[in-house]
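These notes concern the structure reproduced below.
Nothing here was measured: the structure is a model prediction, and the numbers come from that model. Atoms considered below: every heavy atom in the structure, side chains included; atoms not considered: hydrogens, waters and symmetry mates.
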Amino acid sequence: MMNGKKVVVVMPAYNAAATLERTLSEVPRDIVDDVILVDDASRDNTIEHARKLGIKCFLHERNWGYGRNQKTCYSEALKLGADVVIMVHPDYQYTPLIIPAMANLATSGLYDAVLASRILGGTALAGGMPGYKYVSNRVLTLSQNLLMGAKLSEYHTGYRAFTREVLETLPLWENSDDFVFDNQMLAQTLFFGFKIGEVSCPTKYFDEASSINFKRSCIYGLGCLKTAWQFRMQKMGKGDYKIFDPKGRGLKHSDSDYYTDQTVTCE
């Protein structure tokens with residue numbers, strides 16, 4: 001609990017067996033009420049590790065993608081009664097040690113969403129972020145801020161917190177099942193008038209940490225620019241996109257037939 005509100009950490013996982021325990025060891029359990037892991041059909045024994053560590057876990061029957069993984073994460077967190085949901089990648093690229101700072105901002109009533117920015121502290125390159133990713137991050141962020149009228153330090157961190165109100169309002173089921181889901185969700189958060197706060201976060205790049213390749217990074221970048229342009233067109237009344245439709249499908253419309261509860265071994 002933080003400020004009298006229930007905090008749930010969700011971990012979208014894919015081949016995270018080697019780093020899961022290290023990540024979980026830094027989760028402050030005096031603040032975090034529950035931890036949920038969703039395995040997107042990993043090829044390793046992520047689920048078995050999650051069970052041994054006492055995590056509530058769910059398994060996608062096939063590899064649906066990072067975006068669909070988050071849809072499952074947030075849906076299950078809301079079912080547990082979460083007031084604030086914090087997404088932490090189980091690949092140990094981001095430290096869970098700053099969860100208290102993020103939870104405090106998200107439960108204070110001052111912010112509806114909180115991002116852990118790798119850029120604010122100026123340590124992204126020192127943490128091993130590839131040069132081309134750093135440059136792309138800065139160029140994309142500048143372009144998105146201009147198109148969407150915002151002033152975020154970065155849009156591309158995978159470490160973020162959302163209040164229940166945000167998760168129940170956004171038409172998240174209209175979003176992509178792939179990596180651009182992250183960016184669409186932030187664009188929606190801004191579009192629907194929610195307040196976003198940021199905290200500085202160190203990051204680590206190493207062999208076991210997940211990362212998309214150059215080709216997929218380019219596809220993701222183009223998707224981010226497309227999302228920002230759609231945001232601008234919708235705001236100007238010159239577009240009609242489902243991801244910004246207040247009547248669009250949200251998590252309550254989600255179909256749970258594609259995954260199973262694996263918290264205990266299925267007989």
Side-chain angles (χ1 to χ4, degrees), residues 2 7 9-12 23 26-28 31-32 66-67 70 73-74 84-108 110-163 166-167 170 179-206 209-212 217 220-221 223-225 227-228 231:
M2 172 69 80
V7 178
V9 163
V10 296
M11 297 182 174
T23 305
E26 293 186 1
V27 174
I31 293 172
V32 175
Y66 176 57
Q70 286 190 63
C73 282
Y74 297 137
V84 168
V85 182
I86 301 177
M87 180 176 72
V88 181
H89 290 179
D91 63 356
Y92 201 57
Q93 190 174 105
Y94 303 97
T95 174
L97 293 177
I98 65 170
I99 285 176
M102 299 177 71
N104 191 42
L105 288 178
T107 58
S108 66
L110 298 175
Y111 295 101
D112 306 297
V114 180
L115 305 180
S117 171
R118 298 164 294 179
I119 304 302
L120 282 178
T123 60
L125 291 173
M129 180 184 283
Y132 80 90
K133 288 194 173 184
Y134 180 83
V135 173
S136 298
N137 186 308
R138 306 316 303 130
V139 172
L140 282 174
T141 294
L142 174 62
S143 301
Q144 290 172 279
N145 276 333
L146 290 173
L147 285 169
M148 296 194 286
K151 294 183 179 180
L152 298 180
S153 67
E154 78 156 316
Y155 287 79
H156 314 292
T157 174
Y159 196 177
R160 43 191 55 198
F162 297 98
T163 62
V166 172
L167 296 175
L170 303 185
F179 285 100
V180 78
F181 173 94
D182 262 355
N183 217 254
Q184 291 174 326
M185 189 173 184
L186 285 188
Q188 289 171 324
T189 303
L190 290 168
F191 185 87
F192 286 93
F194 292 110
K195 296 179 181 178
I196 301 177
E198 294 183 278
V199 298
S200 176
C201 176
T203 186
K204 300 178 288 291
Y205 283 77
F206 52 98
S210 61
S211 183
I212 59 176
S217 293
Y220 167 78
C224 292
L225 292 175
T227 299
F231 176 101

Next item on the list: Show your reasoning for whether side-chain contact (heavy atoms from CB on, under 4.5 Å) applies to Leu140 and Leu225.
Entry: CA-CA 7 Å; Leu140 282 174; Leu225 292 175; 3.7 Å; yes
Check: Val27 and Val88: side-chain contact (heavy atoms from CB on, under 4.5 Å), yes or no, with the steps?
Finding: CA-CA 9 Å; Val27 174; Val88 181; 5.9 Å; no
Next item on the list: Output, in order, the C-alpha distance, side-chain angles, deciding distance and verdict of side-chain contact (heavy atoms from CB on, under 4.5 Å) for His156 and Asp182.
Entry: CA-CA 7 Å; His156 314 292; Asp182 262 355; over 6 Å; no
Checklist line | Residue pair Arg160, Leu186: steps toward the side-chain contact (heavy atoms from CB on, under 4.5 Å) verdict | finding: CA-CA 10 Å; Arg160 43 191 55 198; Leu186 285 188; 3.5 Å; yes
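Using cut-offs of 30° and 60° for the angle between ring planes, the Tyr159 and Tyr94 rings count as tilted.
We find the CD1-CG distance between Ile98 and Asn104 to be 13.0 Å, quoted to the nearest 0.5 Å. Taking CZ of Arg138 as the start and CD of Glu154 as the end, the distance is 7.5 Å to the nearest 0.5 Å. Thr163 OG1 to Leu105 CG: the interatomic distance, rounded to the nearest 0.5 Å, is 12.5 Å. Expressed to the nearest 0.5 Å, how far CD1 of Ile119 lies from SG of Cys201 amounts to 11.0 Å. Rounding to the nearest 0.5 angstrom, the gap separating the CD atom in Glu198 from the OG atom in Ser117 is 5.0 Å. Atoms OG1 and CD, from Thr23 and Gln93 in turn, are 10.5 Å apart once rounded to the nearest 0.5 Å.
The two residues Ala150 and Leu190 come nearest to each other via the heavy atoms CB-CD1, 3.9 Å. Contact record, Gly131 with Leu125: CA-CD2, 4.3 Å, taken as the closest heavy-atom pair. Closest approach of Pro90 and Pro12 over heavy atoms only: CD-O, 3.2 Å. Residues Met148 and Ala187 share a closest heavy-atom pair of SD-CB, 3.9 Å. Across all non-hydrogen atoms, the minimal contact from Val180 to Cys224 is CG2-N, 3.9 Å. Between Val114 and Ala106, the closest heavy-atom pair is CG2-N, 3.9 Å.
Residues satisfying the side-chain contact (heavy atoms from CB on, under 4.5 Å) criterion with Leu110, sequence neighbours excluded, are Ser108. Partners of Tyr155 according to the ring pair (Phe, Tyr, Trp, His ring centres under 6.0 Å) rule, which considers only residues two or more places apart in sequence or in another chain, do not exist here. Residues forming a side-chain contact (heavy atoms from CB on, under 4.5 Å) with Leu147 (at least two apart in sequence, or on another chain): Ala228, Trp229, Arg232. For Leu170, the side-chain contact (heavy atoms from CB on, under 4.5 Å) partners at least two apart in sequence or on another chain are Val166, Leu172, Met185, Gln188, Thr189, Phe192, Phe194. Residues satisfying the side-chain contact (heavy atoms from CB on, under 4.5 Å) criterion with Ser217, sequence neighbours excluded, are Tyr132, Lys133, Ile212. Tyr66 meets the ring pair (Phe, Tyr, Trp, His ring centres under 6.0 Å) test with His89, Phe179; sequence neighbours excluded.
For the pair Gln144 and Phe231, the minimum side-chain heavy-atom distance is 4.5 Å or more.
A side-chain donor-acceptor contact under 3.5 Å links Thr157 to the backbone of Ala116.
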